[in-house]
Structure formats: C-alpha cells, structure tokens
> 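After the structure tokens below, expect a handful of questions from me.
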Amino acid sequence: MSGVSIRKNLAGLAPYRQGAQANPDAFKLSSNENPFSTHPVVSAAIADAIGANRYPDATMPELRQALANFYGTNEAPLSADEIHVGAGSVSIIAQLLTAVCEPGTNVVYAWRSFEAYPSLTMIAGAEPRQIPLSESFGHDLPAMAAAIDENTRAVILCTPNNPTGPIITTGEFNAFVAQAPSNVLIILDEAYAEFVRDESAVDGVADRVWHTHPNVVVLRTFSKAYGLAGLRVGYALGAPETLDLARVTAIPLSVTGAASAAAIASLSPEVAAALNAQVDELVERRTQLVEGLRAQGWSVPDTQANFVWLGVGADAPEWAAKLAEQGIIVRPLPGDSPTTGGIRISIGEAESIERVLEALGQAPGA
Ligand SMILES: *Cc1c(COP(=O)(O)O)cnc(C)c1O
C-alpha cells in the first residue's frame with residue numbers, strides 16, 4: 001500500500017513477472033524463445049545501425065516496406081500502409097485495446113491463453129470476459145461468439161494458442177468473423193505462425209482477412225521464430241483505417257533503429273532461408289518431444305507452436321520445481337484444471353529434448 005490513489009480497476013493487478021531466468025548451464029525453456037544464436041548478417045546489421053544519438057524514424061517506413069515486399073505477391077500485393085510496427089506485438093495489443101476500450105466495456109478472449117491479455121484489458125479500462133478452452137485445449141469459438149454483447153469492444157483470438165498449442169482452423173475462423181458484429185475489433189494473434197504445419201490452420205496474412213473483414217487485425221512478431229525477442233519488434237497487418245487506432249494511441253518512437261535494422265536483415269533471402277531451416281529443426285524437435293511424452297503416458301494437446309503444454313493443474317509449481325532441480329526451466333501457470341493449470345515447455349536446444357523426457361519420466365498414473 002503506497003497510499004497513492006489509483007484507478008479502481010487496477011487495485012488487484014500485480015506487476016508483471018517474467019519466466020525464470022536460467023543459470024548458464026540450465027536449459028531456459030520458459031519463454032518460447034528461439035534457442036539458436038543470432039545470424040551474423042543480423043548481428044552486423046545491428047552493429048551498423050548507426051546514430052544512437054538520433055531518434056528513429058517514427059513510422060518505420062523501411063521495415064513496413066520490407067514486410068510488404070516479404071508477404072506481397074503479384075496476385076496479392078501488399079501496401080506498407082497495411083502494416084503497423086510496434087515495440088513487440090504486445091505493445092500493439094495495448095495500443096489497440098486502449099483505442100477501443102473504456103469503462104463499462106469488455107474484451108472477450110479464451111482462457112487459458114496468453115498471460116498478457118487480462119492485464120492489457122484491465123489497463124485499457126475494460127472488463128475481461130474469459131471463455132474456457134474446449135476439452136481439446138483449443139478456443140471454444142461458438143461460446144466466444146455467444147459471449148459478445150453490446151458492450152464488447154474487442155475479441156482476441158490466439159492461434160496457435162499460448163500456452164496450450166492448438167490452432168484455430170480457417171473454417172472456424174471464417175464462421176466466427178461472419179457472426180461477430182462488424183464494429184467489434186478482432187485481434188488475431190499469430191505470434192507462432194511460422195511454426196504451424198497444419199494446413200487447416202487459419203493464416204490471416206495469406207488470406208488477407210482484413211480485406212473482407214476490416215475489423216480484423218493480424219499480429220505477428222520477430223520475437224519467437226525470428227529470434228529477436230531481446231530487441232522488441234512486432235507488427236500488425238490490417239486495414240489502414242483500423243491500424244490508425246493503434247497509431248493514435250502508440251507512444252511515438254518506441255521501436256528502435258537497431259530493432260528495425262535487425263528485422264529488415266532477417267527478411268533478406270539469405271537470413272530468411274537460415275531461419276526457415278531453424279524453424280524446420282524446431283518443428284522436428286517438437287514432434288520428438290510430443291511423441292516421447294505421449295509414449296511415457298503424458299496427455300499432450302496437439303501443438304503447432306514452439307512449446308508443449310502439460311495440464312497438470314494445481315501441481316504445476318511442483319513439476320516446475322522438480323524440473324528446475326534438473327537444470328530445466330519451464331513456465332508454471334496456476335490453475336486447478338488441465339485447461340487452466342499446467343507447465344509450458346518451450347522447444348529449445350537439441351539436447352534439451354532428451355533431458356526433458358528423462359526428467360519427466362512416466363506420467364503420474366500411467
Ligand atoms: C510472445 C507472444 C507475443 C509477442 O510478444 P512480443 O515479444 O511483444 O512481440 C504475442 N502474443 C503471444 C500469444 C505471444 O506468446
């Protein structure tokens with residue numbers, strides 16, 4: 001208690017707590033980072049990003065154009081105006097929610113999903129409306145559609161869902177947006193899109209979903225597959241007028257020149273090819289880990305991201321502590337049921353896969 005008067009709806013909010021930092025000899029599998037080291041071309045671009053004494057170019061025109069070229073095709077060209085860059089895609093979620101929410105409104109999202117959604121919703125002044133995941137650990141989209149009311153300003157869909165892993169299919173997504181009121185902002189958070197191999201998964205960028213539904217904004221990031229978590233750079237794709245909501249509420253000049261240079265270098269054909277190979281490797285390790293765990297009797301939801309979920313419920317802290325003793329840092333998330341409580345294990349170094357399988361051993365009761 002500081003004695004300072006604060007906004008009523010923030011009274012219960014705790015400061016952000018990061019996934020545990022690991023000893024140098026431990027495997028840090030708690031934050032879904034890319035375990036490979038930074039590509040030399042990217043490191044060189046960061047070193048060459050001169051002029052730390054100068055402010056960056058606020059609207060990131062070069063990076064937006066590089067992204068437009070990267071995703072644009074002859075049949076489906078993309079304009080830099082359809083892209084907005086932020087200091088991590090989390091900051092873009094904050095910008096969008098700040099723009100659409102006010103007291104008395106609500107934001108609908110699945111639970112359990114990304115840990116940032118509840119606090120970003122409350123900080124924006126709205127009430128979280130959390131819809132339980134289905135038994136298969138994915139979004140219950142019919143229930144989410146039914147939860148939308150006249151006070152709903154935004155819906156957040158996370159595919160693949162962090163922390164459980166399942167995707168939303170194109171069919172499910174299309175049915176949902178067709179039903180949702182067109183004045184409700186739909187944030188399609190695709191932070192792990194690069195790891196998706198299931199062809200039935202919705203791909204908001206390939207499908208240019210905002211062309212048919214301008215209330216949809218797609219989010220992607222350089223933090224996960226691209227291995228730039230430490231530089232803070234993410235982006236949104238959407239209709240220019242909808243992205244303007246985020247441009248209005250953004251704190252100007254948050255994205256650094258170094259982050260922009262690293263991101264642009266990462267989109268170059270040479271680095272992109274190297275990153276694709278890393279992602280392929282991580283997808284193979286994912287298969288190895290999921291199959292290994294299932295063979296040990298663990299129930300593992302289908303995952304299309306760079307992590308797996310073990311829904312151990314209230315035992316999550318104990319499992320995380322047990323793994324930490326063996327040099328494996330995972331993320332415990334509190335909750336009583338398998339869809340709310342569990343441990344999330346990121347796909348990391350090759351050696352980490354065997355180590356995790358050894359450390360977990362037979363599933364309880366298997
Ligand atoms: C990691 C993550 C993000 C993005 O993080 P930034 O580092 O801010 O770009 C967004 N959504 C989900 C679901 C994530 O897991």
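Source: prediction; values computed, not measured. Computed over heavy atoms, backbone and side chain alike; hydrogens, waters and symmetry mates excluded.
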> Taking R112 for its side chain and L133 for its backbone only, find out whether a donor-acceptor pair lies under 3.5 Å.
no
> Between S79 and D81 (side chain of the first, backbone of the second, donor and acceptor by atom type, cut-off under 3.5 Å), is there such a pair?
yes
> I'd like to know if the side chain of S346 and the backbone of N32 have a donor-acceptor N/O pair within less than 3.5 Å.
yes
> Cluster question for you: counting only ILVMFWY and a side-chain heavy-atom cut-off of under 4.5 Å, with indirect links fine, are I353 and V290 together?
yes
> Using the benzene-type ring in the case of Trp, are the ring centres of F114 and Y109 under 6.0 Å apart?
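Not close enough - the centres of the two rings lie 6.0 Å or further apart.
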> Backbone N or O of P338 within a donor-acceptor pair of the W309 side chain at under 3.5 Å?
yes
> Salt bridge check: are K322 and E318 linked by an N-O gap of less than 4.0 Å?
no
> Which atom pair, heavy atoms only, marks the closest approach of P35 to R285?
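It is CG-NH1, 4.3 Å.
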> Can you tell me if CD on E62 sees more than 12 non-hydrogen neighbours from other groups inside 6.0 Å?
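Atom CD in E62 is not packed in, count stays at 12 or less.
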> Going by atom types only, do Q95 and H84 share a side-chain donor-acceptor pair under 3.5 Å?
yes
> Does L96 share a hydrophobic cluster with L243, counting links as ILVMFWY side-chain heavy atoms below 4.5 Å and allowing steps through other members?
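Looking at the clustering, L243 is in the same group as L96.
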> Should we say atom CD1 of I6 is surrounded by more than 12 heavy atoms from elsewhere, each under 6.0 Å from it?
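Above 12, so yes.
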> Side-chain heavy atoms under 4.5 angstrom apart, residues restricted to Ile, Leu, Val, Met, Phe, Trp, Tyr: same cluster for L310 and I328?
yes
> Of R197, R220, R208, which meets salt bridge (Lys or Arg N to Asp or Glu O under 4.0 Å) against D203?
R220
> Does the side chain of N106 come under 3.5 Å of the side chain of T152 through a donor N or O and an acceptor N or O?
yes
> Pairing donors with acceptors under 3.5 angstrom, does anything connect the side chains of N161 and S113?
yes
> Consider only side-chain heavy atoms of I, L, V, M, F, W and Y, link residues closer than 4.5 Å, and tell whether I347 and L228 are in one cluster.
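In one cluster with I347: L228, no.
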> Spell out, as yes or no, whether a donor-acceptor pair under 3.5 Å connects the side chain of T105 to the backbone of C101.
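No; judged by distance alone, with no hydrogens or angles, the pair does not exist.
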> Is there side-chain contact between T303 and F195, with at least one heavy-atom pair below 4.5 Å?
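Side chain of T303 against side chain of F195, heavy atoms only: no contact under 4.5 Å found.
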> Would a distance-only check, ignoring hydrogens and angles, find a side-chain to backbone donor-acceptor pair under 3.5 Å from N34 to A225?
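Answer holds: yes.
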> Would a hydrophobic clustering, with Ile, Leu, Val, Met, Phe, Trp and Tyr connected at side-chain separations under 4.5 Å, put L360 with F27?
yes
> Donor-acceptor check, side chain of S268 to backbone of I264, threshold 3.5 angstrom: yes or no?
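Answer holds: no.
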> Which class fits the ring pair Y235 and Y71: parallel under 30°, tilted 30 to 60°, perpendicular over 60°?
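The rings of Y235 and Y71 sit tilted, inter-plane angle from 30° to 60°.
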> Quick one: are T339 and T164 in side-chain contact, heavy atoms under 4.5 Å?
no
> Can a salt bridge be assigned to the pair R153 and E102 using a cut-off of 4.0 Å between side-chain N and carboxylate O?
yes
> Does atom CG of N74 have more than 12 heavy-atom neighbours, drawn from other residues, nucleotides or ligands, at distances under 6.0 Å?
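No, not enclosed.
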> Taking all heavy atoms of L333 and all of A316, pick out the closest pair and write down the distance.
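Nearest pair, atom of L333 first, then A316: O-CB, 3.8 Å.
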> Can you check whether C158's main-chain N or O pairs, donor with acceptor, with H139's side chain at less than 3.5 Å?
yes
> Side chains of T159 and L188: closer than 4.5 Å at any heavy-atom pair?
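Yes, their side chains come closer than 4.5 Å.
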> Mark yes or no for whether S89, through its side chain, and I92, through its backbone, hold a donor-acceptor pair below 3.5 Å.
no
> So which heavy atom on T170 is nearest to which on D207, and how close?
CG2-OD2, 3.9 Å
> Verify the neighbour count for atom CD of E135: are there more than 12 heavy atoms of other residues, nucleotides or ligands below 6.0 Å?
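Open.
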> Hey, does the side chain of R129 reach the backbone of A147 with a donor-acceptor pair shorter than 3.5 angstrom?
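Side chain of R129 to backbone of A147: a pair is present.
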